[in-house]
There are 2 protein chains.
Amino acid sequence: MNWYLQSGKEADVVLSTRIRYARNLQEFRFNMKRKEEIEAFLEKVKEETPEIGYGLKFLKLKDMDKATLISLVEKNLISPEFALNKQKNGAILLNDEENICIMINEEDHIRLQVFNCGLDLEGTYNLAKELDKKIENIFNIAKSKKYGYLTSCPTNVGTGIRASVMVHLPGLTKTGNIRKILESINSFGMNIRGVYGEKSEVSGDMYQISNKVTLGISEEKIVKNLRAITEKIIEQERLARKYLGNNQIELEDKVYRSFGILTNSRKISSEETRKLLSDVKLGTDMGIITELTDSKISKLYLYTKPANLEKYVGEELDSYDRDIKRAEVIKRIINEN
Amino acid sequence: MNWYLQSGKEADVVLSTRIRYARNLQEFRFNMKRKEEIEAFLEKVKEETPEIGYGLKFLKLKDMDKATLISLVEKNLISPEFALNKQKNGAILLNDEENICIMINEEDHIRLQVFNCGLDLEGTYNLAKELDKKIENIFNIAKSKKYGYLTSCPTNVGTGIRASVMVHLPGLTKTGNIRKILESINSFGMNIRGVYGEKSEVSGDMYQISNKVTLGISEEKIVKNLRAITEKIIEQERLARKYLGNNQIELEDKVYRSFGILTNSRKISSEETRKLLSDVKLGTDMGIITELTDSKISKLYLYTKPANLEKYVGEELDSYDRDIKRAEVIKRIINEN
């Protein structure tokens, strides 16, 4: 089963961990514009793919149908900008487990990414580092004695590493303590940003925390800092949930009403689904809702996203029919064994 | 089973029928104030109760506990004003089926009422007339050659009859056609009034239709007119539902979301319950919701009202606990066989 359908460590708060390296090849320019140059670059990567190993396959974005391409964005395997701007001349290296996804010709030549469910900064980092070494053995990676790894955008220069975790913070959101957390995290050299839905509202209480600085600090220190911050947030979130739990009836009422709407609607938007799922996940994680499992919740999160919904049902759908089908799929997933 | 837990004719629109007669005794004054006079009057009625028959029992309001008294109001067996103003010196004659309830020392000396579920103006009228004759044989009823039956308030003088039906009009409400209906009914010599909940909003799309005029028109004609108007409204309401049914998914979504909230909440107000029940009844009547029966819906309507809820669970409750208990009772009724 793919990592994004599983639940890992500290799954009540941490949905996933990602390590990303930004790497560039010496013999190609940053931000290539000429078609021939890009073609030559892609060809080189394609040739070397078997050498990298890990079951990675070279896939051009332009060979994918729209639903497949967007489904990768929805799984956070590729950035929306990459899918949009490089649909003609971008590529990825992807394995079957989809825990490794390397974007080729994104902002940097190579954006190596390793994923895992739950909180797994060490494991994810170790695999990413191993993979990065392999890549450095195969390609001539642009590096400077003074700055470290050179990148297209100066914010990534140095280690080129970006470590991030996706966290679910309904407790801190409902108690209103999220604002304090957002402010304090910034002062620890970390970024925290809400995963925005429509109308720039944070969608389903999901936040991504990642390191701000990549230069003048070791990779190990970056990963260690993020781990410390994440553990602090887990602790705060659990305290907030405990506080909410003091008014058990209010909480039960809230999460079960959301569960009732989610399981009874006949048409439902992606946005509303995420909001309701946030309550339902909270209820399940707190042992209030007993009808669901972690794995069903992961499935619900994934297969209610527009493109993954289309792939799940195997049909192209307009927006109206998608809302109807989404309500059906929710019921199907909840009722399956 | 009591009539208010059953469903009768045209039950998809008409919940109940009521015939009421206002009668006064010659030897007592309208609007008695003196305690001794009232006592003498009540004593007289009590003595004659066995003679009236129909299994009627004489019950003083002051001998009832608060929940019992209010539960009668919630069943529409007595008026809220009667329960409030005459709790010390009012009485009722009530049978076990509770389809006959005679208010004693209300605005008039005797307010004879007969009820049935669904649309049953003829049956209800016949029983009320039979009962009225019996009462007229036993008591000296105040009557004038010119005006007919004399009543405390001139709006009831003449026949003293008030025929009414309680109708559920979610279709006309949702399509916005209710306003036209409200206006046109008035011009036919009938009153239609919403059963108000909080904030003077019509509660759960329930309306009561009754005759405006009691003088210069025969009882039979009054009943016949109300029947004609009610049949017209039933027709219009069914047309409105058919129209709503053209957008089947929207309608299913609406009624099932309400069903989902109703069956999953952990605390719920009386007001919200009535709103949700209106959708759920509509869904059931239209064959969309298959989880419920007419009889369960009648039970839900009755036992979620504050005083009937307390009687159902056999406990006195404060408002907060009542909302919690209400959510439990809803689940219990829905899940029972």
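Per chain, numbering begins at 1; letters A, B, ... match sequence-line order.
Heavy atoms closer than 4.5 Å to chain B are found in both the backbone and the side chain of Ile268(A). Using a 4.5 Å cut-off between heavy atoms, Leu262(B) does not touch chain A at all. Residue Ile324(B) touches chain A through its side chain alone, counting heavy-atom pairs closer than 4.5 Å.
Here the options are Arg257(A), Lys254(A), Glu252(A), the test is side chain to side chain contact (heavy atoms under 4.5 Å, CB included), and the partner is Ser265(B); only Arg257(A) passes.
Residue Glu291(B) places its CD atom among more than 12 non-hydrogen atoms of other residues, nucleotides or ligands, all under 6.0 Å distant. Within a 6.0 Å radius of CD in Glu250(A), other residues, nucleotides and ligands contribute more than 12 heavy atoms.
Contact detail for Arg266(A) and Asp253(B): the closest heavy-atom pair is N-OD1, 2.6 Å. Taking both residues in full, the closest heavy atoms of Asn264(A) and Phe259(B) are given as OD1-CD2, 3.7 Å, listed atom of the first, atom of the second, then distance.
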